[in-house]
Amino acid sequence: MPTDEPKPILLSPPHLSGAERHFVDEAFRTNWIAPLGPNVDAFERELAARLSSAGAEIHCCATASGTAAIHLGLIALGVGPGDLVLCSSFTFVATANPIRQLGAEPVFIDSDDASWNMSPAALRRALHGLAAEGRRPRAVITVDLYGQGCDYGAILPICEEWNIPILEDAAEALGATVDGRPCGSFGAVSAFSFNGNKIITTSGGGMLAAPDARIAERARFLATQARDPAPHYEHSVAGFNYRMSNICAGVGRGQLLVLDERVARRREIFAEYRRALGGLDGVEFMPEPAWSRSTHWLTALTIDPARAGASRDALLTALAAERIEARPTWKPMHLQPLFAGCRMFAHDEGRAPVCERLFRDGVCLPSGSSMGDADLARVIDACERALAPARPAHGAAASIAAARSV
Ligand SMILES: *Cc1c(COP(=O)(O)O)cnc(C)c1O
């Protein structure tokens, strides 16, 4: 075995606090080893408290995954066979799969340059265009990408005007705010994910959140095999086995205690990348509009191959050679073979969709909150060597140390 191989730097590995053990041990001690129990109830209450504000209470239902929460949320909004659902194109496939699985048809919406999230202009055009055909979507799925909320100041009034409910996919945005209000509190239903790569994890799990207690209640009913109230097993609708286990919820409770620290570190990592690389030709970081406080779950940027020293793919290859895990940004849903033939409304009518460029040139850099400054410097140095080969190496490690000491 060669010993001089650098250790791998991962994109977004789990980062435990130590406090998880207390809640998990409690589950073992009390034999609550089931998809229900005190940790599940407490995790729901604790997350709901974070999302609620004065006069706007949020109710939560813990699920086996973020995808399950999206699936249940669409059902709660009445989505069924033949319905249209508007959905942000620039996202992970788990956002859109449940639409199809319910027999509904997705119509994809482009991003805007300002937020990389759903373009209010494209949303409005889609609603008008479909109305002209006599069609009215059953729901709109917004996605708060890479830790940043959507432009809800523009999107909420549009959906209110058309009276169409929002399902907010906040899987990547726990801890973020828009206009000071928490992501995951904007939808009639919202979904979070606690997959191992998210800002906090339960090893695997999700949460459905809703301002209407009846929606959370309905989700809880459907997620536990839709058992009607009766002494025997009585069922009048088809449910799911979608609840979170009491052990996973224990991990989640320990993680929730350190959420603010995790957000702070991810924001620090983003700021450091931008400070070191933001001045390079052709490099542009995901913008953070004035109304947004992103968690920067993943640091995302675009590389203009005409101006930068390397293309996005050349950068990925260079990083992989140094055992640094970076990834292309999400491939838009309207470009996926899975959704071939689905419609797409672009930000600028008659021009290439914004999200196609964000995918073609986009890259996510290692952003885990457990990443230390030395690893961060290693990634920055590798990026500089790939993107600005003519420039003398800075030694990012030294410059981070210097920036910190002032
Ligand atoms: C991770 C993720 C999901 C799915 O969550 P799981 O818990 O993995 O099922 C859904 N949407 C987005 C945008 C995600 O990033």
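In what follows, residues are counted from 1 in the order of the sequence shown.
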Mind checking the CD-CD spacing from Glu268 to Glu261? Nearest 0.5 Å is all I need.
11.5 Å
Could you tell me which non-hydrogen atom of Ala238 sits nearest to which non-hydrogen atom of Leu222, and how far apart they are?
O-CD2, 4.2 Å
Under 4.0 Å between a Lys/Arg side-chain N and an Asp/Glu carboxylate O for Glu105 and Arg135?
no
Apply side chain to side chain contact (heavy atoms under 4.5 Å, CB included) to the pair Cys183 and Val178, showing each step before the final yes or no.
CA-CA 7 Å; Cys183 287; Val178 169; 4.1 Å; yes
Do any N or O atoms from the side chain of His235 and from the backbone of Ala226 form a donor-acceptor pair under 3.5 angstrom?
yes
Donor-acceptor under 3.5 Å (Ser367 side chain, Leu298 main chain)
no
Nearest heavy-atom contact between Ile109 and Ala122 is CG2-CB, 3.7 Å
Side-chain donor or acceptor of Gln148 paired with backbone N/O of Ser115 under 3.5 Å
yes
In the structure I gave you, are the side-chain heavy atoms of Tyr273 and Leu301 within less than 4.5 Å of one another anywhere?
no
Ile303 and its side chain to side chain contact (heavy atoms under 4.5 Å, CB included) partner, picked from Leu280, Leu387, Leu277:
Leu387
What I'd like to find out is whether the side chain of Arg312 reaches to under 4.5 Å of the side chain of Arg360, using heavy atoms alone.
no
Got a salt bridge between Asp212 and Arg214, using NZ or NE/NH1/NH2 to carboxylate O under 4.0 Å?
yes
Hey, are Asp169 and Thr95 close enough side-chain-wise for a donor-acceptor pair under 3.5 Å?
yes
Is the cationic atom of Arg124 (NZ for Lys, CZ for Arg) positioned less than 6.0 Å from the six-membered ring centroid of Phe345 and within 45 degrees of its normal?
no
Are Ile269 and Leu365 side-chain neighbours, meaning at least one heavy-atom pair lies under 4.5 Å?
no
Within this structure, what is the CD1-CG distance for the pair Ile200 and Leu174, rounded to the nearest 0.5 Å?
5.0 Å
Hey, is the main chain of Gly18 close enough, under 3.5 Å, to the side chain of Glu20 for a donor-acceptor pair?
yes
Check whether Ser52 reaches the backbone of Ile58 with its side chain - one donor and one acceptor, N or O, closer than 3.5 Å.
yes
Answer whether the closest heavy-atom distance between the side chains of Asp113 and Arg357 falls below 4.5 Å.
yes
Does a sphere of radius 6.0 Å around CD in Glu133 hold more than 12 heavy atoms from other residues, nucleotides or ligands, not counting ones at 6.0 Å or beyond?
yes
Go through the steps to decide whether Phe92 and Trp330 satisfy the test ring-ring contact (aromatic ring centres under 6.0 Å, His included), and finish with yes or no.
CA-CA 6 Å; Phe92 178 50; Trp330 300 124; 4.9 Å; yes
Min side-chain heavy-atom separation Pro8-Glu325 under 4.5 Å
no
Using the ring of each side chain (for Trp, its six-membered ring), is Tyr146 parallel, tilted or perpendicular to Phe90, with breaks at 30° and 60°?
perpendicular
Rounded to the nearest 0.5 Å, the OG1 atom of Thr299 sits from the CG atom of Leu11 at a distance of 9.5 Å
Less than 4.5 Å apart, any side-chain heavy atom of Leu74 and any of Ile141?
yes
Inter-residue atom distance Leu10.CG - Asn197.CG, 0.5 Å rounding
11.0 Å
Give me the ring orientation class for Trp162 and His128: parallel if the planes are under 30° apart, tilted from 30 to 60°, perpendicular past 60°.
perpendicular
Backbone N/O of Gly205 and side chain of Ser65: donor-acceptor pair under 3.5 Å
no
Give me the atom names and distance for the closest heavy-atom approach of Asn117 to Gly149.
ND2-O, 3.1 Å
State yes or no: are the ring centers of Phe270 and His296 separated by less than 6.0 Å?
yes
Please answer whether the main-chain N or O of Asn39 pairs with a side-chain N or O of Asn246 as donor and acceptor at a distance below 3.5 Å.
yes
Give the C-alpha distance, both sets of side-chain angles, the deciding distance and a yes or no for salt bridge (charged side-chain N to carboxylate O under 4.0 Å, His left out) between Glu168 and Arg181.
CA-CA 13 Å; Glu168 180 184 1; Arg181 190 172 142 189; over 6 Å; no
Are Asp110 and Met344 close enough that some pair of their side-chain heavy atoms sits under 4.5 Å apart?
yes
Using every non-hydrogen atom in the two residues, find where Trp297 and Ser12 come nearest and quote the distance to one decimal.
NE1-OG, 3.6 Å
Flag, side chain of Arg243 to backbone of Ala34, donor-acceptor distance under 3.5 Å:
no
Between Tyr152 and Asp144, is there a side-chain donor-acceptor contact under 3.5 Å, judged purely by atom types and distance?
yes
pair His71-Tyr242: side-chain heavy atoms closer than 4.5 Å:
yes
So with a 6.0 Å cut-off around CZ of Arg323, is the heavy-atom count from everything else above 12?
yes
Taking the side chain from Ser294 and the backbone from Gly147, do they hold a donor-acceptor pair closer than 3.5 Å?
yes
Return the OG to CG distance between Ser369 and Leu259, rounded to the nearest 0.5 Å.
10.0 Å
Grab the two heavy atoms, one from Cys364 and one from Thr329, that are nearest each other, plus how far apart they are.
SG-CG2, 4.1 Å
Run Leu316 and Val363 through side chain to side chain contact (heavy atoms under 4.5 Å, CB included) and show every step you take.
CA-CA 8 Å; Leu316 287 174; Val363 58; 3.6 Å; yes
Kindly determine whether Glu272 and Ile380 satisfy side chain to side chain contact (heavy atoms under 4.5 Å, CB included), including the steps that lead there.
CA-CA 9 Å; Glu272 188 52 36; Ile380 289 170; 4.0 Å; yes
Determine the minimum heavy-atom distance between His334 and Pro353, stating which atoms define it.
NE2-CG, 4.1 Å
Check for a donor-acceptor pair, side chain of Asn195 on one end and backbone N or O of Lys198 on the other, with a separation under 3.5 Å.
no
Does the salt bridge (charged side-chain N to carboxylate O under 4.0 Å, His left out) test come out yes or no for Arg274 and Glu288, once each step is laid out?
CA-CA 12 Å; Arg274 193 171 50 182; Glu288 188 172 4; 5.6 Å; no
If I take atom CZ from residue Phe23 and atom CG from residue Leu256, how far apart are they, to the nearest 0.5 angstrom?
9.0 Å
Under-4.0 Å salt bridge between Glu172 and Arg266:
no
With a 4.0 Å cut-off on N to O distance, would you call Arg378 and Glu322 a salt bridge?
no
Between Phe194 and Leu47, is the side chain to side chain contact (heavy atoms under 4.5 Å, CB included) condition met? List the steps.
CA-CA 12 Å; Phe194 307 109; Leu47 190 68; 4.1 Å; yes
